[in-house]
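Only one structure is covered here, and it is reproduced in the block below.
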Amino acid sequence: MTAADWVTAVLLPVGALFTLVGTIGLVRFPTLLTRMHAATKPDTVGLALILLGTAFQVSGPRAAAPLILVVLFQFVTVPVLAQTLGRVAYSRGEANPEYLVVDELAEGVREADRD
Amino acid sequence: MSILDHVYTATFVMLSLAALFTVLRLVRGPTVLDRIVCLNAVSVLVVSFIAVEAAVRADTAYFGLLVTIALLGFVGTLTAARFAERRAHDRG
């Protein structure tokens with residue numbers, strides 16, 4: 001086994017483990033917002049590790065460029081998705097207030113209603 | 001079989017378990033937003049599977065597919081989420 005093989009052998013299972021832990025949270029967590037949290041963050045790390053592990057198996061950095069592109073794309077889009085889903089959940093009244101420690105959006109909604 | 005083959009098998013098993021859990025939540029729901037979250041998780045899982053397959057074959061032919069699925073997963077999830085939004089004028 002070459003050094004690149006060893007890097008892949010470490011990165012791929014660790015990445016898959018992150019994804020697995022995230023989906024366990026997706027099944028077990030009690031509220032919509034916590035489930036969304038568990039589904040988005042570990043998945044991103046897991047995907048980044050897996051793609052990085054794959055990059056070491058292809059020939060040369062030029063061939064691995066699309067993988068880096070996908071990782072950067074995930075890092076940009078996943079927070080956008082999480083933010084949007086959180087807002088939508090709130091607007092539908094599905095963000096359980098019992099589980100919210102701080103509700104900063106309520107203030108904004110009140111102000112918007114006043115105007 | 002070299003160590004790397006066992007590593008690939010272990011990775012596929014873990015990803016399959018993750019897919020199983022995602023489908024479980026997809027079926028259970030209970031709200032439409034849970035299913036939208038699962039939709040995004042599914043697209044990430046598909047990208048992961050294809051990436052590992054590309055590593056197994058040391059083949060770069062799959063990479064266009066990875067970029068496309070990542071893009072479609074984002075646009076699809078965002079559209080579905082915005083579609084599910086309840087705006088002030090909807091509540092009447």
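In this text the structure is predicted, and so the values were computed from the model without any measurement. Letters go in sequence order (proteins before strands), and every chain restarts at 1.
Heavy atoms closer than 4.5 Å to chain A are found in both the backbone and the side chain of B:Leu78. With a threshold of 4.5 angstrom between heavy atoms, A:Val27 approaches chain B through its backbone and through its side chain. Proximity to chain A is limited to the side chain of B:Tyr8, based on heavy atoms less than 4.5 angstrom apart. The part of A:Phe29 that comes within reach of chain B is its backbone (N, CA, C, O), which places non-hydrogen atoms under 4.5 angstrom from that chain. Looking at B:Leu66, the atoms closer than 4.5 Å to chain A (heavy atoms on both sides) sit in the backbone and in the side chain alike. With a 4.5 angstrom heavy-atom cutoff, A:Thr44 does not touch chain B via any of its atoms. With a 4.5 Å cut-off on non-hydrogen atoms, B:Ser48 touches chain A through its backbone and its side chain both. Proximity to chain A involves both the backbone and the side chain of B:Asp34, based on heavy atoms less than 4.5 angstrom apart. B:Arg28 touches chain A through its side chain: at least one heavy atom from C-beta onward sits under 4.5 Å away, while N, CA, C and O do not. In this structure, chain A has heavy atoms under 4.5 Å from both the backbone and the side chain of B:Ala84. Contacts between B:Leu45 and chain A at a heavy-atom distance below 4.5 Å involve the side chain alone, from C-beta outward.
Per-residue counts of heavy-atom pairs under 4.5 Å with chain B were compared for A:Gly46, A:Gly22, A:Ala39, A:Pro66; the largest is that of A:Pro66. Top candidate by heavy-atom pairs under 4.5 Å with chain A, chosen from B:Ile69, B:Val47, B:Val56, is B:Val47. Ranked by non-hydrogen atom pairs under 4.5 Å with chain B, the options A:Leu69, A:Leu85, A:Leu32, A:Val58 are led by A:Leu32. The most heavy-atom pairs under 4.5 Å with chain A, out of B:Pro30, B:Ala18, B:Ser16, B:Ala19, come from B:Ala18. Contacts with chain B were tallied for A:Leu17, A:Leu67, A:Val80; A:Leu67 has the most, counting heavy-atom pairs under 4.5 Å.
Around CD of A:Gln83, the count of heavy atoms belonging to other residues, nucleotides or ligands within 6.0 Å does not exceed 12. More than 12 heavy atoms of other shown residues, nucleotides or ligands fall within 6.0 angstrom of atom CZ in B:Arg35.
In this structure, B:Val75 is not a member of the same hydrophobic cluster as B:Val32, with clusters built from ILVMFWY side-chain heavy atoms closer than 4.5 Å. Side-chain heavy atoms closer than 4.5 Å link hydrophobic residues (I, L, V, M, F, W, Y) into clusters, and following such links, even through other members, never connects A:Val21 to A:Val78. Linking Ile, Leu, Val, Met, Phe, Trp and Tyr residues whenever their side-chain heavy atoms come within less than 4.5 Å leaves B:Leu26 and B:Leu39 in two separate clusters. Tracing side-chain contacts under 4.5 Å through hydrophobic residues (I, L, V, M, F, W, Y), one reaches A:Leu49 starting from A:Val7; they form part of the same cluster. Residues B:Phe21 and B:Val46 do not share a hydrophobic cluster, clusters being chains of Ile/Leu/Val/Met/Phe/Trp/Tyr side chains in contact below 4.5 Å.
With rounding to the nearest 0.5 Å, the separation of CD1 in A:Ile50 from CZ in B:Phe49 is 9.0 Å. With values rounded to the nearest 0.5 angstrom, B:Arg25 atom CZ is found 13.0 Å from A:Ile24 atom CD1. Interatomic distance, A:Thr84 OG1 to B:Ile36 CD1, rounded to the nearest 0.5 Å: 11.0 Å. From A:Thr23, atom OG1 reaches atom CG of B:Leu15 across 9.0 Å, with rounding to the nearest 0.5 Å. For the atom pair OG1 (A:Thr8) and CD1 (B:Ile3), the distance works out to 13.0 Å, reported to the nearest 0.5 Å.
In this structure, A:Thr77 and B:Thr77 have side chains that are not in contact, with every pair of non-hydrogen atoms separated by 4.5 Å or more. The shortest distance between side-chain heavy atoms of B:Phe74 and A:Val76 does not fall below 4.5 Å. At least one side-chain heavy atom of B:Asn40 sits under 4.5 Å from a side-chain heavy atom of A:Thr40. A heavy-atom distance below 4.5 Å is found between the side chains of B:Val44 and A:Gln74. Inter-residue side-chain proximity for B:Thr31 and A:Arg92 is flagged as unmet; no heavy-atom pair is nearer than 4.5 Å. In this structure, the side chains of B:Val37 and A:Arg35 stay at 4.5 Å or more apart for every pair of heavy atoms. Contact annotation: the side chain of A:Phe73 approaches that of B:Leu71 to within less than 4.5 Å [non-hydrogen atoms, C-beta and beyond].
Grouped with A:Val101 in one hydrophobic cluster are A:Val102, the linkage being side-chain heavy-atom contacts under 4.5 Å among Ile, Leu, Val, Met, Phe, Trp and Tyr residues.
The shortest non-hydrogen separation linking A:Leu26 to B:Cys38 is CD2-SG, 4.0 Å. In plain terms, the two heavy atoms of B:Ala55 and A:Leu12 that are nearest each other are CB-CD1, 4.4 Å. The two atoms that bring B:Ala70 and A:Val70 nearest to each other are CB-CG1, 4.0 Å, heavy atoms only. For B:Thr11 against A:Pro13, the heavy-atom pair with the smallest separation is OG1-N, 3.7 Å.
Looking at B:Thr60, its side chain never comes within 3.5 Å of a backbone N or O of A:Ala63 through a donor-acceptor pair.
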